[in-house]
**Student:** 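Below is one structure. I have some questions about it.
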Amino acid sequence: MHRAARLDSVPPYLFADIDRKVAELRQRGVDVINLGIGDPDLPTPAPIVEALAAHAADPVLHRYPDYNGHVRFREAMAAYYARRFGVRLDPEREVLGLIGSKEGIAHLTWALAGPGDVVLVPEPGYPVYGVQARLAGAEVHWLPLVAERGFLPDLDAVPDDVRRRARLLWINYPNNPTGAVADRAFLEQAVAFCRAHDIVLASDLAYSEVGFDGYRAPSVLEVPGAREVAVEFFSLSKPYRMTGWRIGAAVGAAEVLDALAVIKTNTDSGQFGAIQMAAIRALQPDLDAEVEAGVQVYQRRRDRVVAALREAGLDPLVPRATFYLWVPTPAGMTAAECATRFLEAAGVAVTPGAAYGPHGEGYFRISLTAPDDRLDEACRRISGALRF
Ligand SMILES: *Cc1c(COP(=O)(O)O)cnc(C)c1O
């Protein structure tokens, strides 16, 4: 078989690699605790499951769905944005349904950039932004996220010649993998930068609802003038514990969504209508309490795990949002050495920070999406693995 040359630019998908190692150890009888991937362990709230069941039998929904998302789903997203962020969206032009936000994130690059163009990508970061840019033949300019800058990129440091060819800037706050949040001033700066240089601003808002100690993440669309240059990717996966359902939306700049829709209509045919109906149910105000209950669980776990890791001599950053802990490796150990030691000596899978980009070196990421007793056990084992 002949594989397309473009595949040579793609590293193995981070989590596929970890999953394979975990599977190998489990095969050998090791009781592995997987804190590698961020995938909520709690079930989807019952009213959402019930809505799916109720709509699954509707023959109208058994036919091809609307390409841009069911009109009622788009209206529900617009109503949600108005209620949650005070942002008024035109459901017709400023909301586009997605088969999970990853789908839209992946396709956006194809709509905006190709050979000769530059995509500005934060690192460490979600791998999809950079990999898709490369697949599309565009050049990636990496924006380092470092602790001294609060894990915010330095947009002033982008060289002029790069900036002139840049078509797309990715931002992701609350941030995976660092757990960092962006203040309003940074969002304003990013909007101004993109407006000044005719760059599309893409905000990945996957963790907007997972905020701790009362923290409420803003939408970039709250910034005046943002909706002409910015699109935001909203996902139901993390807040509603619906990672398996594959539903999300892109909202914001109508012109950008039009371009994205060209790729999508020639690629997919939309998500199953009953899943869209279930998503509408999720977005109703009475389910805010379900989201909050999940967040409380992560917050409690964050506090337990931070305490246990400190006990073990580590110094994790304490996130205000996301369900990840970004933990500096013990002195003298690289991220990969740390992750390998934890997996082989303790049966605990974490993700080495360097897998998210070179500036992730010196950190590992722990996901809090495992039951409390497993997290406690994982901390005990990590502590043991660090002692020999
Ligand atoms: C989980 C995640 C996504 C993908 O979410 P889906 O809507 O399930 O595709 C996107 N971006 C980041 C940063 C994530 O962590």
Side-chain angles (χ1 to χ4, degrees), residues 13-16 18-19 34-42 44 48 69 73 77 80 95-109 119 121-133 143 145 151-153 168-182 201-211 217 219-220 231-251 260 264 267-268 270-272 275-276 278-279 282-283 291 294-295 298 319 321-326 351 353 355-357 360 365-369:
Y13 194 67
L14 179 58
F15 299 110
I18 293 171
D19 284 352
N34 191 350
L35 308 183
I37 195 162
D39 188 357
D41 56 308
L42 304 169
T44 306
I48 304 171
F73 173 62
M77 273 308 311
Y80 180 88
V95 180
L96 179 63
L98 300 173
I99 309 174
S101 67
K102 184 181 186 180
E103 177 263 300
I105 289 167
H107 285 138
L108 184 67
T109 308
V119 179
V121 181
E123 67 86 4
Y126 187 56
V128 182
Y129 319 133
V131 168
Q132 290 292 342
L143 303 172
L145 304 184
F151 301 103
L152 299 172
L168 177 59
L169 164 63
W170 285 102
I171 60 172
N172 167 222
Y173 297 98
N175 183 256
N176 175 11
T178 67
V181 298
L201 176 58
S203 161
D204 179 353
L205 200 60
Y207 295 94
S208 58
E209 305 316 301
V210 188
S219 157
V220 76
V231 286
E232 193 153 72
F233 290 88
F234 182 85
S235 171
L236 282 91
S237 291
K238 310 300 170 28
Y240 297 101
R241 298 145 6 218
M242 292 174 73
T243 46
W245 295 60
R246 313 313 305 133
I247 182 105
V251 302
L260 176 54
K264 278 181 58 60
T267 306
D268 67 69
Q271 181 51 285
F272 179 32
I275 289 181
Q276 298 191 57
L283 294 169
V291 174
V295 170
Y298 301 130
T322 78
F323 39 58
Y324 303 114
L325 295 183
W326 191 235
T351 21
Y356 297 95
R365 194 195 75 173
I366 285 185
S367 170
L368 300 171
T369 54

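Counting starts at 1 for both ligands and their atoms, following the listed order.
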**Student:** Taking G353's backbone N and O only, do any of them form a donor-acceptor pair with R365's side chain (distance below 3.5 Å, no angle check)?
**Tutor:**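 Pair absent, no side-chain N/O of R365 close to backbone of G353.
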**Student:** If the cut-off is 4.0 Å to any non-hydrogen atom of R246, which atoms of ligand 1 fall inside it?
**Tutor:**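 Listed by number with element: 6 (P), 8 (O), 9 (O).
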**Student:** Would D39 and T369 count as a side-chain hydrogen bond (donor to acceptor under 3.5 Å, both in side chains) if you check the C-alpha gap in whole Å, the side-chain angles of each, and the deciding distance to 0.1 Å?
**Tutor:** CA-CA 6 Å; D39 188 357; T369 54; over 6 Å; no
**Student:** Looking at atom 15 (O) of ligand 1, what's its closest protein heavy atom, distance included?
**Tutor:**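 That would be Y207 OH, 2.6 Å.
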**Student:** Is N176 close to ligand 1, meaning an N/O of one under 3.5 Å from an N/O of the other?
**Tutor:**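 It does: an N or O of N176 is found under 3.5 Å from an N or O of ligand 1.
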**Student:** Would you mind running through ligand 1 and noting each atom that sits below 4.0 Å from a heavy atom of K102?
**Tutor:**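 Checking each atom against K102, I get 6 (P), 9 (O).
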**Student:** Within the 4.0 Å heavy-atom shell around G100, which atoms of ligand 1 are there?
**Tutor:**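 Near G100, the atoms of ligand 1 are 7 (O), 9 (O).
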**Student:** Not counting sequence neighbours, list each pair that qualifies as a salt bridge (Lys or Arg N to Asp or Glu O under 4.0 Å) and has a residue in residues 170-179.
**Tutor:**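 Counting only pairs at least two positions apart or across chains, no salt bridge (Lys or Arg N to Asp or Glu O under 4.0 Å) contact touches residues 170-179.
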**Student:** Please verify whether a non-hydrogen atom of M242 lies at under 4.0 Å from ligand 1.
**Tutor:**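 Outside the 4.0 Å threshold, so no.
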**Student:** Does one side chain, of S237 or W245, offer a donor that lies under 3.5 Å from an acceptor on the other?
**Tutor:**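 No donor-acceptor contact under 3.5 Å links the two side chains.
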**Student:** Does F233 have its ring centroid less than 6.0 Å away from the ring centroid of W170?
**Tutor:**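 When the ring centroids of F233 and W170 are compared, they turn out to be within the sub-6.0 Å range.
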**Student:** Is the backbone of R246 close enough, under 3.5 Å, to the side chain of E103 for a donor and an acceptor to pair up by distance?
**Tutor:**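 No, E103 side chain to R246 backbone: no donor-acceptor pair under 3.5 Å.
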**Student:** Do ligand 1 and E103 have nitrogen or oxygen atoms that lie under 3.5 Å from each other?
**Tutor:**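 In this structure, E103 places no N or O atom under 3.5 Å from an N or O of ligand 1.
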**Student:** Provide, to 0.1 Å, the distance between atom 11 (N) of ligand 1 and the closest protein heavy atom, together with that atom's residue and name.
**Tutor:**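 Heavy-atom neighbour on the protein nearest atom 11 (N) of ligand 1: D204 OD2, 2.6 Å.
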**Student:** Could you label the plane-to-plane angle of the Y80 and F234 rings as parallel, tilted or perpendicular, counting under 30° as parallel and over 60° as perpendicular?
**Tutor:**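 Correct class here is tilted.
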**Student:** Taking the side chain as C-beta and beyond, is there a heavy-atom pair between V231 and L108 under 4.5 Å?
**Tutor:**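 Yes, side chains in contact.
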**Student:** Please verify whether a non-hydrogen atom of T243 lies at under 4.0 Å from ligand 1.
**Tutor:**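 No.
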**Student:** Checking a contact table here: which protein heavy atom is nearest atom 2 (C) of ligand 1, and how many Å away?
**Tutor:**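 Heavy-atom neighbour on the protein nearest atom 2 (C) of ligand 1: K238 NZ, 2.5 Å.
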**Student:** Quick check: does S101 get an N/O under 3.5 Å from an N/O on ligand 1?
**Tutor:**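 Yes, at least one N or O pair falls under 3.5 Å.
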**Student:** Residues in side-chain hydrogen bond (donor to acceptor under 3.5 Å, both in side chains) with S203, at least two apart?
**Tutor:**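 Scan of S203 (side-chain hydrogen bond (donor to acceptor under 3.5 Å, both in side chains), adjacent residues dropped) gives E232.
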**Student:** Say whether S235, considering both its backbone and side-chain N or O atoms, lies within less than 3.5 Å of an N or O atom on ligand 1.
**Tutor:**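 Checking ligand 1 against S235, an N or O pair does fall under 3.5 Å apart.
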**Student:** Looking at Y324 versus Y207, is the centre-to-centre ring distance below 6.0 Å?
**Tutor:**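 Aromatic pair counts; centres sit under 6.0 Å.
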**Student:** N/O to N/O below 3.5 Å, does that happen between Y324 and ligand 1?
**Tutor:**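 Looking only at distances, the answer is no, because the N/O contact criterion of under 3.5 Å is not met.
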**Student:** Quick one: look up the protein heavy atom nearest atom 8 (O) of ligand 1 and list residue, atom name and how far away it is.
**Tutor:**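 Closest protein heavy atom to atom 8 (O) of ligand 1: S237 OG, 2.5 Å.
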**Student:** Say whether F233 and ligand 1 are in contact under the criterion: heavy-atom distance to a ligand atom below 4.0 Å.
**Tutor:**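 The answer is no: ligand 1 sits nowhere under 4.0 Å from a heavy atom of F233.
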**Student:** At a 4.0 Å threshold, what atoms of ligand 1 neighbour a non-hydrogen atom of N172?
**Tutor:**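 Matching atoms, with element in brackets: 13 (C).
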